[in-house]
Amino acid sequence: MLRLGLCCLFRQAPIKFRTTTARTISRLVRDAQLARLDQLCLENAQQLLSALDEVRRLGVGAFRVLSPLFPLYTHPEYGYQLEELPSAGPIQVTLAEVRRRKERYRIRLSFHPDQFVLLSSPRPEVTEASLRELNYQAELAEMIGADVINLHAGGVYGDKATALHRLAAQIESLPEAVRQRLTLENDDRSYHVVDLLPLCEKLNVPLVYDVHHHRCNPDGLTIEEATMACKQTWDRVKREPYLHISSPKQGWGANPKPHADFIELSDFPQEWQSLRATLDVEAKAKESAVLRLKEQLNLPDWLGEGSIHG
DNA sequence: GCATGTCAAGTTGTG
DNA sequence: CACAACTTGACATGC
């Protein structure tokens, strides 16, 4: 059965994640910086716990955790370690409870580092910053039990084969906590499913299939072919496949890349109807969009403990 | 209060 | 050459 996933934020539910900026933090002395960051991390951990309850209440089966759960954690100047925070203990306890609830509710958790995180760059400082960020997200993933850290392949730098070679080399030398969670996703500009498949098969990296990106940036594969190829990369490691969907904000005209508030049912590939997979819904209306798609597809509530499936 | 400009980070494509 | 787009607006400031 398909399980739908909500991405990062809520539009209806009163669940808010907070952040700060390097500029704001820079005006404080170190102790005050850590006190401020401590407050934000603790609040965000508590909000994540509420998020799991809300996802469960909505009958949804997956949640993507936003990258800056710990704001500025990997910043070169204002970064910090969890142990430096006065509330490190309560934060860890809260995140351990997130993990327990995710297991009880059978909710799948994932991370999607943002555009600055690349393993294909020829610039060492970009790779170093990316590795810091990946290690941070893996640390969080360990604490809450997230099984996926999903990356785009990044830039081409005028030579896709060489960029892919750098990407493969970096993947092979990742720390285990990152490596076991790393997945790659086709993007809407540079890397097709067909570009990533050889690397994914060689290194046993699961491939997340984003059908909107595929439609924006076609590679000759049909949706069914791309779906099956990606599914195989997950089958090989005996894990549930991940799919992404979104609809174009202004239709399939000049610029289909920006995301719409909701998913048009006509954009949902019928090939997916009977799949066992996680489908992240990338739509601005957040849980409203997930619920609408869930109804349109006639999917039942995703049930955890006590269900006849569980 | 509310409107508005700003915010760590990469790369590509468009106007 | 500036800006939008990408998984996502929220925060700080000034009126």
Side-chain angles (χ1 to χ4, degrees), chain A residues 5-11 15-28 36-37 39-40 43-44 47-48 51 62-80 109-134 136-137 146 148-160 163 166-167 183-191 208 210 212-213 216-217 242-250 253-261 263 278-287 289-290:
Chain A
L6 173 66
C7 297
C8 307
L9 303 174
F10 295 81
R11 178 174 275 196
I15 295 170
K16 300 288 176 199
F17 295 96
R18 304 186 58 194
T19 186
T20 187
T21 63
R23 203 166 110 90
T24 304
I25 287 294
S26 73
R27 296 180 181 137
L28 305 172
R36 177 66 176 155
L37 293 162
Q39 178 190 6
L40 295 175
E43 278 185 37
N44 284 350
Q47 291 296 299
L48 182 58
F63 184 66
R64 181 188 300 173
V65 181
L66 77 176
S67 296
L69 192 78
F70 291 173
L72 299 177
Y73 193 75
T74 63
H75 190 280
E77 191 165 354
Y78 308 114
Y80 52 98
L109 296 175
S110 68
F111 286 88
H112 196 351
D114 51 17
Q115 59 271 32
F116 317 108
V117 181
L118 310 167
L119 294 177
S120 59
S121 177
R123 297 166 53 199
E125 69 274 20
V126 172
T127 305
E128 277 168 34
S130 297
L131 290 171
R132 277 206 309 279
E133 185 71 17
L134 287 170
Y136 148 64
Q137 299 204 12
V148 163
I149 299 176
N150 179 41
L151 271 192
H152 287 294
V156 172
Y157 313 93
D159 180 353
K160 193 178 274 187
R166 283 193 300 266
L167 173 62
T183 67
L184 289 172
E185 178 189 345
N186 64 302
D187 65 69
D188 58 9
R189 201 178 53 225
S190 306
Y191 289 92
V208 174
D210 187 315
H212 184 67
H213 291 164
C216 290
N217 190 22
Y242 241 105
L243 305 166
H244 290 181
I245 192 166
S246 48
S247 281
K249 190 183 184 69
Q250 297 160 42
N255 182 11
K257 292 178 182 176
H259 292 170
D261 285 349
I263 305 300
T278 303
L279 173 55
D280 272 357
V281 177
E282 296 180 341
K284 303 281 187 189
K286 295 301 169 190
E287 71 268 41
V290 179

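All values below were derived from every heavy atom in this structure, side-chain atoms included, with hydrogens, water molecules and symmetry-related copies excluded. Each chain gets a letter, A, B and so on, in the order its sequence line appears, and its residues count up from 1.
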> Is the closest side-chain heavy-atom distance between L48(A) and F17(A) below 4.5 Å?
Replying inline: yes
> Given dA8(B), dC6(C), dT11(B), which nucleotide is nearest the side-chain atoms of H213(A)?
Replying inline: dC6(C)
> In the strands shown, is dT14(B) matched to any nucleotide by a Watson-Crick or G-U wobble pair with both distances under 3.5 Å, and which?
Replying inline: dA2(C)
>> Over all strands shown, is H212(A) touching base, sugar-phosphate only, or nothing at heavy-atom distances under 4.0 angstrom?
In response: nothing
>> Taking the minimum atom-to-atom distance to the side chain of T74(A), which one of dT8(C), dT11(B), dA9(B) wins?
In response: dA9(B)
>> Within the 4.5 Å heavy-atom criterion, are E43(A) and K16(A) side-chain neighbours or not?
In response: no
>> Side chains of V117(A) and Q137(A), heavy atoms from C-beta outward: is any pair under 4.5 Å?
In response: no
>> Rounding to an integer number of Å, can you tell me how far D187(A) CG sits from dT11(B) C1'?
In response: 10 Å
> Atom NE2 of H259(A) to atom C1' of dA5(C): distance rounded to whole Å?
Replying inline: 9 Å
> With sugar-phosphate meaning primed atoms plus P, OP1 and OP2, does P76(A) contact a base, only sugar-phosphate, or nothing at under 4.0 Å between heavy atoms?
Replying inline: base
> Between dT11(B) and H152(A), is there an OP1 or OP2 to side-chain N/O distance shorter than 4.0 Å?
Replying inline: no
>> When the P atoms of dC11(C) and dA8(B) are compared, how many Å lie between them, rounded to an integer?
In response: 14 Å
>> Need one value for H244(A): base, sugar-phosphate or nothing, where a base atom within 4.0 Å counts as base even if backbone is also close, heavy atoms only.
In response: nothing
> Would one find a side-chain N or O of K249(A) under 4.0 angstrom from OP1 or OP2 of dA5(C)?
Replying inline: no
> Paired with dA8(B) by Watson-Crick or G-U wobble geometry, both distances under 3.5 Å: which nucleotide is it?
Replying inline: none
>> Would you measure the distance from the P atom in dG5(B) across to the matching atom in dA4(C) and give it in whole Å?
In response: 13 Å
> At under 4.0 Å between heavy atoms, what does Q115(A) touch on the DNA or RNA strands: base, sugar-phosphate, or nothing?
Replying inline: base
>> Less than 4.5 Å apart, side chain to side chain, heavy atoms only: is that true for R36(A) and L72(A)?
In response: no
> Any idea which of dT8(C), dT11(B), dA8(B) is nearest the S121(A) side chain?
Replying inline: dT11(B)
>> Name the residue from E185(A), E282(A), R64(A) that meets the side-chain hydrogen bond (donor to acceptor under 3.5 Å, both in side chains) definition with H112(A).
In response: E185(A)
>> Nearest whole Å is fine: how far is dA9(B) C1' from Q137(A) CD?
In response: 13 Å
> In whole Å, what is the span from the CD atom of E282(A) to the P atom of dT8(C)?
Replying inline: 6 Å
>> Please report the distance, rounded to the nearest Å, between NZ in K160(A) and P in dT12(B).
In response: 11 Å
> Would F63(A) and F10(A) count as a close aromatic pair, with their ring centres under 6.0 Å?
Replying inline: yes
>> Using the side chain to side chain contact (heavy atoms under 4.5 Å, CB included) criterion, which residues pair with P248(A)? Sequence neighbours excluded.
In response: H212(A), W252(A), P256(A), D267(A)
>> Do H244(A) and C7(A) have side chains that approach each other closer than 4.5 Å (heavy atoms only, starting at C-beta)?
In response: no
>> Are the side chains of D280(A) and Y242(A) in contact, using a 4.5 Å heavy-atom criterion?
In response: yes
>> Distance check, P atoms only: dA3(B) and dA5(C), in whole angstrom units.
In response: 23 Å
>> Determine whether the aromatic ring of F116(A) stacks with the base of dA9(B), defined as ring centroids separated by less than 5.5 Å and ring planes inclined by less than 30°.
In response: yes
> Should Y157(A) be listed as having a side-chain N or O under 4.0 Å from OP1 or OP2 of dT11(B)?
Replying inline: yes
> At under 4.0 Å between heavy atoms, what does E133(A) touch on the DNA or RNA strands: base, sugar-phosphate, or nothing?
Replying inline: base
>> Output the rounded distance in Å from CG (D280(A)) to C1' (dT8(C)).
In response: 13 Å
> For E125(A) and dA8(B), what is the distance between atoms CD and P respectively, to the nearest whole Å?
Replying inline: 19 Å
> Taking the same atom, C1', in dT6(B) and in dC3(C), what whole-Å distance lies between them?
Replying inline: 15 Å
> OH of Y191(A) versus P of dT12(B): gap in Å, rounded?
Replying inline: 8 Å
>> Work out how far the P atom of dT8(C) is from that of dT13(C), and round it to whole angstrom.
In response: 27 Å
>> Please encode protein proximity along nucleotides 10-15 of chain C as a string of B, S and -, counting only heavy-atom distances under 4.0 Å.
In response: -SSS--
> So what does V117(A) touch, heavy atoms closer than 4.0 Å: a base, only the sugar-phosphate, or nothing?
Replying inline: nothing
